[in-house]
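Atoms considered below: every heavy atom in the structure, side chains included; atoms not considered: hydrogens, waters and symmetry mates.
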Amino acid sequence: MNKLKIILSGIVKNNPTFVLMLGMCPTLATTTSAVNGAGMGAATMAVLILSNIVISLIKGIIPSKVRIPAYIVVIAAFVTIVELLMKAYLPELSKSLGVFIPLIVVNCIILGRAEGFAAKNGVLDSALDGIGTGLGFTFALTLTGAVREMLGSGAIFGHKFISGDGMLIFVLAPGAFLVLGYLMVAFNKLTAKIK
Amino acid sequence: MEYVLIIISAIFVNNVVLAQFLGVCPFLGVSNKVSTSMGMGAAVVFVMTIASLVVYLLQYYVLVPLGIEYMQTIVFILVIAALVQMVEIVLKKVSPSLYQALGIFLPLITTNCAVLGVAILLVQKQYDLLQSVTYAFSTAIGFALALVIFAGLRERLELEDVPRSLRGTPIALITAGILAMAFMGFSGLV
């Protein structure tokens with residue numbers, strides 16, 4: 001039961017995007033469509049799980065003074081792996097996400113979970129926390145991407161449901177801020193009601 | 001002319017925050033007051049310009065000759081983190097008054113994805129040394145400009161009666177959206 005709680009907390013109660021408001025740059029930049037959002041979420045989740053596991057494994061041997069640089073090196077190594085894999089197997093997605101794949105390194109969610117969770121907990125729990133937080137992030141990105149795609153180009157996951165163009169502004173930069181803002185309002189309202 | 005284009009494009013047309021979404025965290029985080037936003041803006045201008053110079057030299061005199069360009073992400077982030085520390089130490093010794101003004105913002109810059117983002121972008125765009133520094137400097141000016149304007153808007157917003165679920169970040173995001181729309185007006189410029 002406790003294990004399930006760790007996963008769920010990352011998705012709802014401590015949702016990285018809607019509640020903690022971490023990692024705003026990729027959230028805004030890569031959600032031009034649901035597929036891009038999901039791709040970015042999955043890439044971040046992969047790095048998050050792997051770095052959480054490794055950091056919880058090595059937490060005993062790293063002197064606490066140099067822990068932050070050490071964490072950053074671990075994270076950067078995994079980001080490079082994910083970056084190269086995506087370039088090789090998903091070249092189109094990797095092109096549309098562009099500079100934001102290497103920028104996963106400075107995504108505060110990952111360093112935040114490393115410092116806040118993996119450095120204090122066991123390997124299994126850390127992996128579960130990575131899965132939970134990663135799912136929460138992916139969920140938020142896919143939702144934002146889907147809404148922007150629906151409004152902006154009248155399609156969802158690439159399938160058009162109305163003919164003609166949508167409101168282009170939602171695919172462009174301002175739409176990202178507006179959609180995320182209103183989604184946050186909706187999320188606040190919903191969680192307030194549940195409580 | 002080429003440099004004028006880089007400058008105008010980086011400040012207005014492809015504004016780093018409002019069009020490219022780099023550095024959104026500090027943009028939302030330290031934009032409550034105009035005075036702090038100016039401090040942050042100045043610190044970013046300072047660090048980003050130096051970082052671009054260092055990163056350029058590193059890329060073309062170390063990584064490329066050794067054939068290890070794939071190490072880019074790891075090397076850049078470490079160098080930027082070290083650089084920020086060094087700037088902090090040097091500034092403390094050389095100019096205590098400037099350190100007082102920028103001091104608290106410097107550690108925050110390591111996690112500012114705009115600095116790493118610009119470093120990666122200037123390699124991707126294959127700029128030469130002078131172009132790289134110009135690009136980084138004007139991108140940072142664009143960041144500072146957006147930050148100060150946004151802080152001014154938020155100071156006003158503080159006095160308004162905002163509906164409860166919109167308070168805080170949501171209304172800030174919506175304001176940023178409208179500001180981004182205003183910046184889209186520059187898009188025909190270059």
Which bit of [X] is near chain A, if near means a heavy-atom gap under 4.5 Å: side chain, backbone, both or neither?
X      : result
B:I171 : neither
B:L78  : side chain
B:M184 : side chain
B:Q72  : neither

Contact leader toward chain A among B:G117, B:P163, B:A82, where contacts are heavy-atom pairs under 4.5 Å: B:G117
For chain A, the option from B:L22, B:V24, B:I178 that forms the most heavy-atom pairs under 4.5 Å: B:V24
Aromatic ring pairing B:F12/B:F186, orientation class (parallel under 30°, perpendicular over 60°, tilted between): tilted
A:R67 and A:E115 ion-paired at < 4.0 Å: yes
Between A:N188, A:L103, A:I68, the one whose heavy-atom pairs under 4.5 Å with chain B are most numerous: A:L103
Chain B interface, residue from A:G98, A:G23, A:P69, A:P174 that has the most non-hydrogen pairs under 4.5 Å: A:P174
Within-4.5 Å side-chain heavy-atom neighbours: B:L63 and B:Y70: no
Note, A:I81 side chain near A:F78 side chain (heavy atom, < 4.5 Å): yes
Value rounded to 0.5 Å, distance of CG in B:L147 from CZ in B:R154: 10.0 Å
Rounded distance (nearest 0.5 Å) linking atom CZ of A:F137 with atom CD1 of A:I110: 8.0 Å
[X] portion near chain B, given a 4.5 angstrom heavy-atom threshold:
X      : result
A:I169 : side chain
A:M21  : side chain
A:V105 : side chain
A:F187 : neither

Centroid-centroid under 6.0 Å between A:F177 and B:F21 rings: yes
Shared hydrophobic cluster for B:V54 and B:Y60 (ILVMFWY, side-chain gaps under 4.5 Å): yes
